[in-house]
Student: 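Mind having a look at this structure? Questions to follow.
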Amino acid sequence: MSLALQTLPIEIVFRIFDHVNDNDLFLAVNNTCQRLNAILNCYRRFQVDLLLRYLSVYRLFFFI
């Protein structure tokens, strides 16, 4: 039986994501396939990181 990242349960994928830094996670996983995009979009650390990036860009453009 061959295992691939796309066939692992979401909980195990989250555990793997826990050991990857934010930039590598975004660059390596984002837009690789629909399932990994869906997993990444519901991964809590990624959601917080995107929110912080959005807020910093918003502050940069609207409050300087």
Student: Report the C-alpha separation of Y43 and L25 in whole Å, then their side-chain angles, then the decisive distance to 0.1 Å, and conclude whether the side-chain contact (heavy atoms from CB on, under 4.5 Å) test is met.
Tutor: CA-CA 11 Å; Y43 181 54; L25 184 62; 3.7 Å; yes

Student: CZ of R35: more than 12 outside heavy atoms within 6.0 angstrom?
Tutor: yes

Student: Rounded at 0.5 Å granularity, tell me how far CG in L27 sits from OG1 in T32.
Tutor: 12.0 Å

Student: Apply side-chain contact (heavy atoms from CB on, under 4.5 Å) to N31 and list each qualifying residue two or more places apart in sequence or on a separate chain.
Tutor: N37

Student: Under 4.5 Å between any side-chain heavy atoms of P9 and F14, yes or no?
Tutor: no

Student: Can you confirm whether I16 sits close enough to L8 that some side-chain heavy atom of one is under 4.5 Å from a side-chain heavy atom of the other?
Tutor: yes

Student: SG/C33 to CD1/I39 distance, rounded to the nearest 0.5 angstrom?
Tutor: 7.5 Å

